[in-house]
Participant: 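Structure below; questions to follow.
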Amino acid sequence: MPDHMDFFDQVYEVTKRIPPGRVTTYGAIASCLGSPQAARTVGWAMNVSHLQPGFVPAHRVVNRIGLLTGKHHFRHPGLMQELLESEGIIVIDDRVRDFAGLFWDPCKELI
DNA sequence: AGCCTGACCTAGG
DNA sequence: TCCTAGGCCAGGC
């Protein structure tokens, strides 16, 4: 990962690489970028991800137990779940089913 | 400039 | 096992 990119850019680069139908977590992204305690900042990056050029699949990022904590920040609540379900992911009570099986580890798969 | 907040997470008591 | 504090980066006031 080039070091001239700031943290947000790196977050977006990683997020764009999440395959459809898979999910990852805020913490995993932060950890992968060398700041294991910056999970919160990753959340903030997602919050303004719509300002980025290109499509940032923010709906594929959930919290560490597979909960859709960011759903209220989409155009309408429920959109996050709809996007996930359109990729074949089952969501029950705001939680990704088979989260462990669908988890995509950015560090492991990256570049 | 300083303080508060937030789509988080981990460690320690 | 629950609760707390601390760390991360930005933005709003």
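Just so it is clear, the values below take in all heavy atoms, side chains as well, and ignore hydrogens, waters and symmetry mates. Letters go in sequence order (proteins before strands), and every chain restarts at 1.
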Participant: Whole angstroms only, please: what is the CG-P distance between Leu33(A) and dC9(C)?
Facilitator: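 That distance rounds to 11 Å.
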Participant: Got a second to check how far Asp93(A)'s CG is from Gln81(A)'s CD, nearest 0.5 Å?
Facilitator: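 The CD atom of Gln81(A) is 9.0 Å from CG of Asp93(A), to the nearest 0.5 Å.
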Participant: To the nearest Å, give me how far apart CD1 (Ile65(A)) and C1' (dT10(B)) are.
Facilitator: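 Roughly 14 Å, once rounded to whole Å.
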Participant: Aromatic rings Tyr12(A) and Phe8(A): how do their planes relate, parallel, tilted or perpendicular, breaks at 30° and 60°?
Facilitator: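 Correct class here is perpendicular.
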Participant: Under 4.0 Å, heavy atoms only, any strand: does Ser35(A) hit a base, just the sugar-phosphate, or nothing?
Facilitator: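 Touches nothing.
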Participant: Roughly how far apart, to the nearest Å, are dC4(B) and dA5(C) at atom P?
Facilitator: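 Rounded to whole Å, the distance is 14 Å.
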Participant: Side-chain heavy atoms nearer than 4.5 Å, only ILVMFWY residues, links allowed to pass through others: does that put Leu83(A) and Ile18(A) together?
Facilitator: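 No; Ile18(A) is not reachable from Leu83(A) via cluster members.
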Participant: Donor-acceptor pair, distance only, cut-off 3.5 Å: does the side chain of Asp105(A) make one with the backbone of Cys107(A)?
Facilitator: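 Yes: the side chain of Asp105(A) pairs with the backbone of Cys107(A).
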Participant: When you compare dC3(B) with dG6(C), how far apart are their P atoms, in angstrom units rounded to a whole number?
Facilitator: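 Going atom to atom, P in each nucleotide, I get 15 Å.
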Participant: In this structure, which stretches of DNA chain C are paired as stems of three or more consecutive Watson-Crick or G-U pairs, both distances less than 3.5 Å?
Facilitator: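 As far as DNA chain C goes, consecutive pairing (with distances under 3.5 Å) yields the stems B:2-6 with C:9-13, B:8-13 with C:2-7.
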Participant: Could you tell me the separation between the CG atom of Leu84(A) and the P atom of dA7(B), rounded to a whole number of Å?
Facilitator: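 Going from CG in Leu84(A) over to P in dA7(B) covers 18 Å.
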Participant: Whole-Å distance between dA10(C) C1' and Tyr12(A) OH?
Facilitator: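 To the nearest whole Å, that distance equals 10 Å.
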Participant: Does Val23(A) share a hydrophobic cluster with Phe74(A), counting links as ILVMFWY side-chain heavy atoms below 4.5 Å and allowing steps through other members?
Facilitator: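 Result: yes, single cluster for both.
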Participant: With a non-hydrogen cut-off below 4.0 angstrom, is Ser31(A) in contact with a base, only sugar-phosphate, or nothing?
Facilitator: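 Result for Ser31(A) = nothing.
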Participant: Within the 3.5 Å criterion, strictly below it, is a donor on Glu87(A) or His59(A) matched to an acceptor on the partner's side chain?
Facilitator: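 Result is yes, a qualifying pair exists.
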Participant: Enumerate the residues from residues 37-52 of chain A whose closest heavy atom to DNA chain B is under 4.0 Å, giving them by residue number; use none for an empty result.
Facilitator: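 Ala39(A), Arg40(A), Gly43(A), Trp44(A), Met46(A), Asn47(A) - these, ordered by number, are the residues of the stretch whose heavy atoms sit under 4.0 Å from the strand.
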Participant: Send over the distance from His73(A) NE2 to dC8(B) P, rounded to a whole Å.
Facilitator: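 Interatomic distance, NE2 of His73(A) to P of dC8(B): 8 Å.
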Participant: Keeping Arg22(A) on the side-chain end and Leu102(A) on the backbone end, is there a donor-acceptor pair under 3.5 Å?
Facilitator: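 Indeed, once roles are kept as given, a pair shorter than 3.5 Å links the two residues.
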Participant: How long is the line joining CZ of Phe7(A) and P of dG11(C), in whole Å?
Facilitator: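 From Phe7(A) CZ to dG11(C) P: 14 Å.
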Participant: OH of Tyr26(A) versus C1' of dC9(B): gap in Å, rounded?
Facilitator: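 Atom-to-atom, Tyr26(A) to dC9(B), this comes out as 13 Å.
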Participant: From Arg60(A) CZ over to Leu84(A) CG, what is the distance, rounded to the nearest 0.5 angstrom?
Facilitator: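 Interatomic distance, Arg60(A) CZ to Leu84(A) CG, rounded to 0.5 Å: 8.5 Å.
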Participant: Give a yes or no on whether Asp98(A) atom CG has more than 12 heavy-atom contacts from other residues, nucleotides or ligands under 6.0 Å away.
Facilitator: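 Above 12, so yes.
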Participant: Scan Ala30(A) against the nucleic acid and name what it touches under 4.0 Å (heavy atoms): base, sugar-phosphate only, or nothing.
Facilitator: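 Counting heavy atoms under 4.0 Å across all strands, no contact is made by Ala30(A).
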